[in-house]
Amino acid sequence: MPELPEVETIRCRLAEAIVGRTVKNTVLRRRDVLRYPSGDRKKGQKHGRWLLMGKEIASVSRLGKQLYIADKLGLGIRVCLGMSGRIALSGDPEIPKRHRHITWYFESDTSNPLRMHFIDPRRFGGVYAVTGTKDLENRFWNRMGPDALTITTEKLRDATKRTSRNLKSVLLDQNAISGVGNIYADESLHKARLAPQRAANTINDSELRRLASSIRSCLRAACQMGGTTFKDYRNADGDKGEFVKKLRVYGRQGLNCLSCKSLLEFERLAQRATVWCPRCQPNSEKIHKEHTCR
DNA sequence: CTTATGACCTGATAGC
DNA sequence: TGCTATCAGGTCATAA
């Protein structure tokens, strides 16, 4: 469920809560949430058993929608939240009883006990043991596109210029750009006044600038509001994200466009629900005149 | 190499 | 009430 702003909200809170603290014990209740991609199961199991046990947390970082929690040597865990995953700290008053697949217990002077849970009903998410920063980069992060929160026009051009796939697909492709999911793809395209069906390699320079800046501003605004709780998302303390109040297209198919009053359309694109305004976001590959939108 | 597709799961909700 | 069908914010392996 969580996209970049939701994961960033969680990352900030975790950095505040667990950096400098030492893991006293780790309980893994469901082995299969420990993942071993592309055949390095043995290696993963060897390191995975520890899951930061006895380690002092030195950093909580993020690329796109992925978290990395590590000690000062860089050894750590890569956390993917998938569709329904979350991290909850023991201060959250309503931690669900079910689906708490992993719990980390931190050392404390008893006045300040702290637990951290990995919770994931659908189990599309998972935790990956990583042996160091190089390992993280080689196996995972170097293969991903640049982080969407700070995407530049130039980097977006690299991601779009050589592909005739539609913009929606490219925005959702983590190897092209990291961190945009279904909600912010639709919101960014609407803000940039670009049709989601538009072939990526047909957008001109001013459209490219508009798209890069729309992605950054949508994500930045969502981060500031603690992300979007459309349905289930909760941050590490159990709170909802308020950006749901700012959504202009996502989930609004059949309603009026907030910019121009046209009916918002719906189509399944890249196997995802896609909502756009046919008037604000015309699928024309020609330069069109500025019109009344926004 | 790129790209499209299905698999992986549970839970909430709608319709009969 | 109980059944079935459909939908959900992501990632990964596979095959064309």
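Residue numbers begin at 1 in each chain, while the letters A, B, ... track the order of the sequences.
Cluster partners of A:L73, using a side-chain heavy-atom cutoff of under 4.5 Å among ILVMFWY residues and allowing indirect links: none.
Residue-level contact check: A:R86 touches neither bases nor backbone, having no heavy atom under 4.0 Å from any strand. Contact annotation for A:A270: no contact, since no heavy-atom pair falls under 4.0 Å across all strands. Heavy atoms of A:Y128 sit under 4.0 angstrom from primed sugar atoms or phosphate atoms, though from no base atom. If you check every strand for non-hydrogen atoms under 4.0 Å, A:D173 touches nothing. Note on A:Q271: a base of the nucleic acid sits closer than 4.0 angstrom, heavy atoms only.
Between A:R30 atom CZ and B:dT10 atom P there is a gap of 7 Å when expressed in whole angstrom units. Whole-Å rounding puts the A:R35 CZ to C:dC12 C1' distance at 9 Å. If you measure from atom NZ of A:K231 to atom P of C:dG9, you get 10 Å, rounded to the nearest angstrom. Distance, A:D120 CG to C:dG10 C1': 10 Å, rounded to whole Å. Atom CG in A:D32 sits about 13 Å away from atom P in B:dC8, given to the nearest Å. Atom CG in A:D232 sits about 14 Å away from atom C1' in B:dC9, given to the nearest Å. Rounded to whole Å, atom C1' of C:dG10 lies 17 Å from atom CG of A:L269. A:Y36 places its OH atom 17 Å from the C1' atom of C:dC12, with the value rounded to the nearest Å.
For the salt bridge (charged side-chain N to carboxylate O under 4.0 Å, His left out) with A:D92, the lone residue among A:R86, A:R13, A:R234 that qualifies is A:R86. A salt bridge (charged side-chain N to carboxylate O under 4.0 Å, His left out) with A:D32 holds for exactly one of A:R29, A:R30, A:R35; it is A:R30.
Mapping A:S169 and A:P121 onto DNA chain B by nearest heavy atom places A:S169 closer to the 5' end of the strand.
With both pairing distances under 3.5 Å, C:dC12 is matched to B:dG6 as a Watson-Crick or G-U wobble pair.
For the atom pair CG (A:L208) and NZ (A:K155), the distance works out to 14.0 Å, reported to the nearest 0.5 Å.
For the P atoms, the distance from B:dT3 to C:dG9 is 23 Å, rounded to whole Å. Separation of the P atoms belonging to C:dT6 and B:dG6 is 15 Å when rounded to the nearest angstrom.
The distance between the ring centers of A:F140 and A:Y128 falls below 6.0 angstrom.
In this structure, A:R165 and A:V170 approach most closely via the heavy-atom pair CB-CG2, 4.0 Å.
Taking side-chain N and O atoms only, A:H99 has a distance below 4.0 Å to OP1 or OP2 of B:dG11. Contact between the side-chain N/O atoms of A:K65 and the OP1/OP2 oxygens of C:dT11 is found at a separation under 4.0 Å. A:T163 has a side-chain polar atom (N or O) that falls below the 4.0 Å cut-off from OP1 or OP2 of B:dT3. Listed pair A:Y184 / C:dG9 fails the phosphate criterion, with no side-chain N or O lying under 4.0 Å from OP1 or OP2. Residue A:R122 has no polar side-chain atom (N or O) positioned under 4.0 Å from OP1 or OP2 of B:dA12. The phosphate of B:dC1 (OP1 or OP2) has no side-chain N or O of A:R162 nearer than 4.0 angstrom. Distances shown here put a side-chain N or O of A:R165 below 4.0 Å from the OP1 or OP2 atom of B:dA4.
For the pair A:C257/A:H190, a side-chain contact is recorded, criterion being any heavy-atom separation below 4.5 Å from C-beta on.
Using a 5.5 Å limit on the distance between ring centres and a 30° limit on the angle between planes, the aromatic ring of A:F124 does not count as stacked on the six-membered base ring of C:dT11.
A:R123 contributes no side-chain N or O that forms a donor-acceptor pair with the base of B:dC9 under 3.5 Å. A donor N or O paired with an acceptor N or O is found under 3.5 Å between the base of C:dG10 and the side-chain atoms of A:R272.
Nearest nucleotide to the side chain of A:R78, out of C:dT11, C:dA8, C:dG9: C:dT11.
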